[in-house]
2 protein chains.
Amino acid sequence: MLKYILLGFLNYQPMTGYDLKRLVDGSTAHFWHAYHSQIYTTLRKMEQDGLVTSIIDNSDERLERRIYDVTELGKSKFKQWLGKSLTELPPSKDSLLVRLFFSGSRDRSSVLDELRFQRQLRQQQLELYRQIKPEKSPAESDLIDFDREAKFWRMTLDLGLAYEQMYLKWLDETIAKIESF
Amino acid sequence: MLKYILLGFLNYQPMTGYDLKRLVDGSTAHFWHAYHSQIYTTLRKMEQDGLVTSIIDNSDERLERRIYDVTELGKSKFKQWLGKSLTELPPSKDSLLVRLFFSGSRDRSSVLDELRFQRQLRQQQLELYRQIKPEKSPAESDLIDFDREAKFWRMTLDLGLAYEQMYLKWLDETIAKIESF
DNA sequence: GGCGGCATGTAAACAGTTACATGATTCC
DNA sequence: GGAATCATGTAACTGTTTACATGCCGCC
């Protein structure tokens, strides 16, 4: 999956691993995050597979930057991937729910502390989403063609917002339930 | 993570890999799914690590069933894990959103087809959740102590229901938006 | 002088997925 | 007779995470 995210961004412009990391953090991280280590190794793998090429930029003298660009093969594989619709629900994984599921034997206060802390984090995440303006940029404004692109970005952000609000509501209800046990 | 789910279930009763697979499918799969292959290999790994023991049951003659039971070490590791609260938001991954994010270059009809199909799947998932009654059982009713346990199970199910409803609403809105481009 | 951020990567471990494999029983 | 489900597992691969590693620059 990460492979396609990187191809997707490289379609806009050649970039370094670090640029890609920032783009991912500023946009797709909310529904697909990646560590820098994975980005660098995936780029190397993609180069071996002929999906991207890289050149070393020494213009800065003291720092070597490897700039990646997508190849024709990369472009076609990306389009191929976009062309094949998902036919299943993406599986979701939520370790908080796993923990709650098995919390029958835990102290009430311990469970409540955990849920209240998650509530804080969700609230912060919601504020963060609210500050994002897709009209302006996904961290690197001028890279991307913002007619159609921004609309799709906006839609994914809308789900993020709805998700956090739903989650907060559920946390509040769940905390209240446990308090009244 | 799967390790703790398996320990959690084995705390109720000794079981085979297949029993665990069914329990997972009938309860935690909505927030943490696992393939049978992973369950079997994880159980072997856990046995090596001393978290569980297994005995081979030949009572059936034609079929060898390996029955796993949690050890004291397994029980204590499980409690230790439950004791350490999550301090971060569990990362979420949703490949549909990745695809939508990069759908600026796609045909409108292709995106719409994909979203409409996801809508169907989400609707089915919602119906499925609505049929689940935690009061009755998580597939194997008599295994579990259903005072406190069922309440926590119910809470995770509530999130599943809220999630599907939120997702359906977002899909409807998003489909409408794309239709009106 | 120390800290944080920029910028790059590798290595090892762990987790998860897909494919292969077998054989019995039950339902149509 | 064939398909589906029960029931068990292994092997190979892919993907992800954590830890290790380095060195510069700018700020306080």
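Any value given below was found using the heavy atoms of this structure, including those in side chains, with hydrogens, waters and symmetry copies removed. So you know, we letter chains A, B, ... as the sequences are listed, proteins then strands, and number each from 1.
- Lys45(A) meets the side-chain contact (heavy atoms from CB on, under 4.5 Å) test with Asp49(A); sequence neighbours excluded.
- If you take CD of Gln48(B) and P of dC14(C), they are 12 Å apart, rounded to a whole angstrom.
- Under the ring-ring contact (aromatic ring centres under 6.0 Å, His included) criterion, Tyr68(A) pairs with no residue at all, not counting sequence neighbours.
- Partners of Glu88(A) according to the salt bridge (charged side-chain N to carboxylate O under 4.0 Å, His left out) rule, which considers only residues two or more places apart in sequence or in another chain, do not exist here.
- As rounded to whole Å, 18 Å separates atom P of dG16(C) from atom CE of Met1(A).
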Next item on the list: Determine, for nucleotides 3-12 of chain C in 5'-to-3' order, which nucleotides have protein heavy atoms under 4.0 Å from the base (write B), from only the sugar-phosphate (write S), or from neither (write -).
Entry: ---SBBBB--

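- Within residues 84-93 of chain A, no residue approaches DNA chain D, by heavy-atom distance under 4.0 Å.
- Partners of Leu86(B) according to the side-chain contact (heavy atoms from CB on, under 4.5 Å) rule, which considers only residues two or more places apart in sequence or in another chain, are Ser95(A), Leu96(A), Arg99(A), Glu114(A), Gln118(A), Pro90(B).
- Taking five base pairs at each end of the helix from dG1(C)-dC28(D) to dC28(C)-dG1(D), the local helix axes there meet at an angle of 40°, rounded to 10°.
- Cluster partners of Ile56(B), using a side-chain heavy-atom cutoff of under 4.5 Å among ILVMFWY residues and allowing indirect links: none.
- For Ser110(B), the side-chain contact (heavy atoms from CB on, under 4.5 Å) test picks out Arg106(B), Asp107(B), with sequence neighbours left out.
- Here the C1' atom of nucleotide dT17(C) and the CH2 atom of Trp32(B) are 14 Å apart, to the nearest Å.
- Taking atom CG of residue Leu2(B) and atom C1' of nucleotide dG16(C), one finds them 10 Å apart after rounding to whole Å.
- Across the protein-nucleic acid pair, Ile5(B) atom CD1 and dG16(C) atom C1' stand 13 Å apart, rounded to whole Å.
- Residues passing the side-chain contact (heavy atoms from CB on, under 4.5 Å) test with Thr71(A) are Thr53(A), Leu73(A), sequence neighbours excluded.
- A side chain to side chain donor-acceptor pair (under 3.5 Å) check over residues 30-39 of chain B, counting only residues at least two apart or in different chains, returns nothing.
- Summarising the geometry, the separation between CG on Asp49(B) and P on dA15(C) is reported as 10 Å, rounded to the nearest angstrom.
- Taking side-chain N and O atoms only, His33(A) has no distance below 4.0 Å to OP1 or OP2 of dT16(D).
- For Lys93(B), the NZ atom sits in a packed shell: over 12 heavy atoms of surrounding residues, nucleotides or ligands are nearer than 6.0 Å.
- For Phe78(B), the ring-ring contact (aromatic ring centres under 6.0 Å, His included) test picks out Phe102(A), Trp81(B), with sequence neighbours left out.
- Per the geometry, CG belonging to Leu43(A) stands 15 Å off C1' belonging to dG15(D), to the nearest Å.
- The NZ-P distance, from Lys3(A) to dG15(D), rounds to 6 Å in whole Å.
- The number of heavy-atom neighbours closer than 6.0 Å to NZ of Lys21(B), taken from other residues, nucleotides and ligands shown, is above 12.
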